[in-house]
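Here the structure comes first, spelled out in structure tokens, and everything after it is commentary.
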Amino acid sequence: TTIWTHRVRFLEERVLPHWAAFTIWNAGRQGRRLYRSLMAGTRRKVVAFCDVDENKIRKGFYCHEDSQERPKPRVPILHFRAARPPFVICVKLDLTGGAFEDNLRSLHLQEGRDFLHFS
């Protein structure tokens with residue numbers, strides 16, 4: 001938990017101030033955990049989650065149920081091809097038989113400018 005907290009704070013202090021808005025790549029457990037770990041002002045910069053899982057995409061949004069805001073924030077869940085960079089990627093490498101890496105490569109993005117790995 002301590003390491004996670006330090007990594008999130010580093011992200012918020014060093015990377016995210018340079019991005020007006022961003023997408024979290026992974027609407028699963030790690031992506032939602034990152035979203036919930038962000039400070040409120042940084043959470044408002046999250047314009048979407050993206051994923052390849054049709055069930056998550058079909059649901060259409062993630063609702064932050066623990067938020068004190070009313071109405072509760074709802075963040076769209078998009079297919080990765082419909083999402084816009086920059087991305088904070090919460091997908092572990094080498095777990096999908098190369099499928100994730102192929103998807104990322106197909107977008108012709110530049111690491112550090114268009115995306116950052118956070119996993």
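Numbers here are sequence positions counted from 1. Since this is a predicted model, take the numbers as computed values, not measurements.
Taking CZ of Arg81 as the reference point, atom CG of Asn103 lies at 6.5 Å (rounded to 0.5 Å). Taking NZ from Lys45 and CD1 from Ile24, the interatomic distance works out to 12.5 Å, rounded to the nearest 0.5 Å. With values rounded to the nearest 0.5 angstrom, Lys59 atom NZ is found 15.5 Å from Glu54 atom CD. Between the NZ atom in Lys56 and the CG atom in Leu78 there is a gap of 14.0 Å [rounded to 0.5 Å]. Distance check, rounded to the nearest 0.5 Å: CZ of Arg9 to OG1 of Thr42 gives 8.0 Å.
Transitive grouping of hydrophobic side chains (ILVMFWY, heavy atoms separated by less than 4.5 Å) brings Tyr62 and Val88 into a common cluster. Linking ILVMFWY residues whenever their side-chain heavy atoms come closer than 4.5 Å, directly or via other members, leaves Trp4 and Met39 in distinct clusters. The hydrophobic cluster containing Ile77 also contains Leu38, counting ILVMFWY residues as joined when their side-chain heavy atoms lie under 4.5 angstrom apart, directly or transitively. Both Leu109 and Ile89 are members of a single hydrophobic cluster when ILVMFWY side chains are connected at heavy-atom separations under 4.5 Å. With hydrophobic clusters built from ILVMFWY side chains whose heavy atoms lie under 4.5 angstrom apart, Phe61 does not share a cluster with Tyr35.
The side-chain heavy atoms of Glu101 and Asp94, taken from C-beta on, include a pair separated by under 4.5 Å. For the pair Leu116/Trp19, a side-chain contact is recorded, criterion being any heavy-atom separation below 4.5 Å from C-beta on. At least one side-chain heavy atom of Thr2 sits under 4.5 Å from a side-chain heavy atom of His6. Taking 4.5 Å as the limit, every side-chain heavy atom of His64 sits out of range of all side-chain heavy atoms of Glu69. Within the 4.5 Å cutoff, the side chain of Asn26 has heavy atoms near those of the Asp51 side chain. A heavy-atom distance below 4.5 Å is not found between the side chains of His117 and Val91.
Listed here is the closest heavy atom pair of Val75 and Ala48: CG1-CA, 3.6 Å. The minimum heavy-atom distance linking Lys72 with Ser67 is given by the pair NZ-O, 2.8 Å.
Partners of Arg84 by side chain to side chain donor-acceptor pair (under 3.5 Å), not counting sequence neighbours: none found.
Residue Phe22 is tested with Val15, Leu16, Val47 for a side chain to side chain contact (heavy atoms under 4.5 Å, CB included); the sole match is Leu16. Of the residues listed (Phe115, Phe49, Phe100), the one engaging Trp25 in a ring pair (Phe, Tyr, Trp, His ring centres under 6.0 Å) is Phe100, and it is the only one.
Leu95 CG: more than 12 foreign heavy atoms inside a 6.0 Å radius.
Taking the six-membered ring for Trp, Phe87 and Phe80 have ring centres at least 6.0 Å apart.
Listed by first then second residue, pairs satisfying salt bridge (charged side-chain N to carboxylate O under 4.0 Å, His left out) with a partner in residues 13-37 number zero, not counting sequence neighbours.
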